[in-house]
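The sequence lines fix the lettering, A, B, ..., with proteins before strands; numbering per chain opens at 1.
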Number of protein chains: 2
Amino acid sequence: MQMTPMIESFVYHFGEMGSRWGFNRTVGQIYALLVISEQPVCANEIAELLGISRGNVSMGLKELGSWQLVQVSHKPGERREFYHSRGSIWDMANRVFEERRKREMDPTLSLLRDIMMDEAANQEEAYAQKRIAEIHDLLENITEWTQSLQSLSPEKLNTLMKLGSGVGKVLEFTDKFLGKKDPAKQA
Amino acid sequence: MQMTPMIESFVYHFGEMGSRWGFNRTVGQIYALLVISEQPVCANEIAELLGISRGNVSMGLKELGSWQLVQVSHKPGERREFYHSRGSIWDMANRVFEERRKREMDPTLSLLRDIMMDEAANQEEAYAQKRIAEIHDLLENITEWTQSLQSLSPEKLNTLMKLGSGVGKVLEFTDKFLGKKDPAKQA
DNA sequence: TTATTGTTTCAGAAATTTCTGAAAGTTCAG
DNA sequence: CTGAACTTTCAGAAATTTCTGAAACAATAA
């Protein structure tokens, strides 16, 4: 593996972006490297290519492992481990969604639910509860929905993605198809 | 506005969550406060209720303003400004999506596109480009798709959300409806 | 067992992000 | 113009996150 300018810019940028998506810079860089390398890479080489400490690489790989995004392999006669990205880009996106849901949505939903169960002590709290219920419902919808997307087969997902703004049309169609359930009243 | 334990737990939690969604703790707390307060609140009161500095409040409100999430109002005869959350929870979610897209997706897409235009210098770069193209296509799909969701009316969005795992069924249906276009080949 | 080659851990260092508060800026009534 | 009431700015302080590297640990061959 060689760090050409092209590869470097990709890896660094992915590192920056990574920190937005729930993992730190190093983790992002390591993953980027593993994704674009056709050959599995060993930990020392990662540290060297990225110019970071060996310990940092170890922690990054551990994190990626917990996300099930790396595959470990061995070369015959060698003791050290070689790492490679695992699964498709789709899989990776799914992992990110799932991880974020677990870390961000679930605890929030649980807190909001607790608050909704409480008795409002006064008018102010009653209003607050109303708003909190709205937020809860929205987050719950988003959560359930992304989960149902994740359970779709990649082909179906792709169809859905390619549909793009066609989603609107499909919905009009769906309204007739599922119309008897009167979705508006479920709001 | 009174800081009861209920309101406090909501505001603090929202602050923590906020930092995951692209704004810092203070911004999250301020927004939470404005959302659950029926009455507009002035900057000094925000600082007092949250126990943070007046300057910090000013910066937070400025940030929220740039996201178009606050409404400024005045009381007759008073010079100071009163702040209130603006738009529905849906609107707020949309702003967050849009803001994140602008900050995270667009620059990345642009970088990936640049890399895809470059001439691969060797076999390694050629492989890297192939992978980068995959990532680009995925991100572009997600971006376009969320944009098309954002342009849907709230009612339609709600229908779609409530559909949940029904999305699979709709797709089967869609396959027949749009089948002539053979979505599989667009992959 | 010991030497070798590799990985992991974690305390403290470094870097980054966020917050404070005093000073500067703004607006308006008189 | 002046002063009162309010807001914004920004340099440095504080808090938080991330990274390093040396020491501990693990696995294997001889």
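You'll find that the side chain of B:Asn44 is closest to D:dT7, out of D:dT16, D:dT7, C:dT8. You'll find that the side chain of A:Ser53 is closest to D:dT20, out of C:dT20, D:dT20, D:dT7. In the set C:dG6, D:dC6, D:dC10, the nucleotide with an atom closest to the side chain of B:Met59 is D:dC10. In this structure, of C:dC19, C:dT8, C:dT16, it is C:dT8 that holds the atom nearest to the side chain of A:Tyr83. With distances taken from any side-chain atom of B:Arg79 to the nucleotides D:dT7, C:dT7, D:dA5, the minimum falls on D:dA5. In this structure, the nucleotide among D:dT8, C:dT9, C:dC19 sitting nearest to the side chain of A:Ser58 is C:dT9.
At whole-Å resolution of the value, CD1 in A:Ile46 and C1' in D:dC19 are 16 Å apart. If you measure from atom CG of A:Asn56 to atom P of D:dA22, you get 15 Å, rounded to the nearest angstrom. Distance B:Phe82 CZ to D:dA5 P: 15 Å, rounded to the nearest Å.
In this structure, the side chain of A:Glu125 engages the main chain of A:Ala121 through a donor-acceptor pair within 3.5 Å.
Proximity of A:Asn24 to the phosphate of D:dC19: a side-chain N or O atom is located under 4.0 Å from OP1 or OP2. Residue A:Thr26 places at least one side-chain N or O closer than 4.0 Å to OP1 or OP2 of D:dC19. Distances shown here put every side-chain N or O of B:Arg54 at or beyond 4.0 Å from the OP1 or OP2 atom of C:dG21. The phosphate of D:dT9 has OP1 or OP2 within less than 4.0 Å of a side-chain N or O from B:Lys62.
Using a 4.0 Å heavy-atom distance criterion, A:Ile52 is classed as a sugar-phosphate-only contact.
Side-chain contact check for A:Arg101 versus A:Gln147: some heavy-atom pair is nearer than 4.5 Å. With contacts defined as side-chain heavy-atom distances shorter than 4.5 Å, the pair B:Lys130/B:Glu134 does not qualify.
Side-chain contact check for B:Gln29 and B:Tyr31: no donor-acceptor pair (N or O, by modelled atom type) lies under 3.5 Å.
Under 4.0 Å is where a charged nitrogen must lie from a carboxylate oxygen, and between A:Arg100 and A:Glu104 at least one such pair does.
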